[in-house]
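To start, the structure under review is shown below, and the notes come after it.
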Amino acid sequence: MTVRPLCIALFAALAVPSFVAAQAQHAHVHGQAFVDVAVDAGVVEINLRATAQDLVGFERAAATPAEEAQVQAARKAVLDHARLWRFSVAARCVAEGPVLEVPGAGEAHEHDHDHSHDHDHEGHDDHVAHSDWTVRYRFRCAAPEALRAIDSGMFAVFPSLQSATVQVLDATGAREETLTASANRLTLAQ
């Protein structure tokens, strides 16, 4: 069974700013992340949303150089797709540059590409206050038939996360699952 038309619609929805507004339906809950996963025709789209408290360690503007370093470390960690999402080697999945969105930061976003960009990060820390960070990841798998599961490292990277509510769209349709530090594997339909 192919879910291509449904995935195309989901991918389109994920790309528009209204997705952020739609995610607002989830309460701002410390210790819990929200993840959307769509798998179709060798493409895996993952959207992660979590509180600044869980990712950075506080929800206010950085007040010291040490806190500024915490913000920068959190940004680097959420963009490290290889630590957060692991696929079977046989699936040969390659990541495209992830994108971090911090609400209220205007054009502020970070991405991981092979080329460099100049970004003005001055004043971004004031957007940490009581906000959720959203990170979009996209992977292309050369052997999608070998893609059976996705293991998440987010609980090891961000120990304050206790659970993640995951909305999955794959060959079996849509479903919801919960991941935790001890149950961090998302099994996919073939």
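Please read these numbers as outputs of a predicted model, since none were measured by experiment.
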(request) Could you state whether Phe58 and Val157 fall into the same hydrophobic cluster, counting links through intermediate Ile, Leu, Val, Met, Phe, Trp or Tyr residues with side-chain heavy atoms under 4.5 angstrom apart? (result) yes
Can you check whether [Y]'s main-chain N or O pairs, donor with acceptor, with [X]'s side chain at less than 3.5 Å?
X: Asn184; Y: Ser152; answer: yes
X: Gln32; Y: Ser163; answer: no
X: Asp170; Y: Val39; answer: no

(request) Drop me the distance from Arg138's CZ to Ile46's CD1, to the nearest 0.5 angstrom. (result) 12.0 Å
(request) Kindly compute the distance separating CZ (Arg75) from CG (Leu100), expressed to the nearest 0.5 Å. (result) 6.5 Å
(request) Indicate yes or no: does Arg140 engage Glu96 in a salt bridge with an N to O separation below 4.0 Å. (result) yes
(request) Identify the residue among Val166, Thr134, Thr165 that makes a side-chain contact (heavy atoms from CB on, under 4.5 Å) with Phe34. (result) Thr165
Do you know which two heavy atoms are closest between [X] and [Y], and how far apart they sit?
X: Pro144; Y: Gly42; answer: CB-CA, 3.6 Å
X: Ala156; Y: Pro159; answer: O-CD, 4.0 Å
X: Ala52; Y: Glu59; answer: N-OE2, 3.9 Å
X: Trp133; Y: Val71; answer: CH2-O, 4.1 Å

(request) Identify, with sequence neighbours excluded, every residue that meets side-chain hydrogen bond (donor to acceptor under 3.5 Å, both in side chains) alongside Asp151. (result) Arg185
(request) Begin with the C-alpha distance, continue with both residues' side-chain angles, and end with the deciding distance and a verdict on side chain to side chain contact (heavy atoms under 4.5 Å, CB included) for Val44 and Phe87. (result) CA-CA 10 Å; Val44 179; Phe87 304 87; 4.1 Å; yes
Counterpart residues, side-chain contact (heavy atoms from CB on, under 4.5 Å), relative to [X] (two or more places apart):
X: Thr64; answer: Ala66, Glu67
X: Ser160; answer: Asp54
X: Ala33; answer: Leu48, Ala50, Met154, Leu161, Ala164
X: Glu177; answer: Arg175, Leu186

(message) Show every side chain to side chain donor-acceptor pair (under 3.5 Å) that has at least one partner inside residues 84-94, sequence neighbours left out.
(response) none
(request) Not counting sequence neighbours, which residues clear ring-ring contact (aromatic ring centres under 6.0 Å, His included) with Phe155? List them please. (result) none
(request) Would you please name every residue forming a ring-ring contact (aromatic ring centres under 6.0 Å, His included) with Phe158, sequence neighbours left out? (result) none
(message) For Arg83, give me all partners under salt bridge (charged side-chain N to carboxylate O under 4.0 Å, His left out), at least two apart in sequence or on another chain.
(response) none
Mind checking whether [X] and [Y] have side chains closer than 4.5 Å, heavy atoms only?
X: Phe139; Y: Val43; result: no
X: Val78; Y: Leu55; result: yes
X: Ile150; Y: Val37; result: yes

(message) Show me the pairs that pass disulfide bond (SG atoms under 2.5 Å apart) and involve residues 38-97, at least two apart or across chains.
(response) Cys93-Cys141
(message) Whether the Gln167 and Glu176 side chains hold a donor-acceptor pair (N or O, under 3.5 Å, no angle test) is what I'd like checked.
(response) yes
(request) Any chance you could lay out the side chain to side chain contact (heavy atoms under 4.5 Å, CB included) test for Val99 and Val135, step after step, and finish with the verdict? (result) CA-CA 5 Å; Val99 176; Val135 191; over 6 Å; no
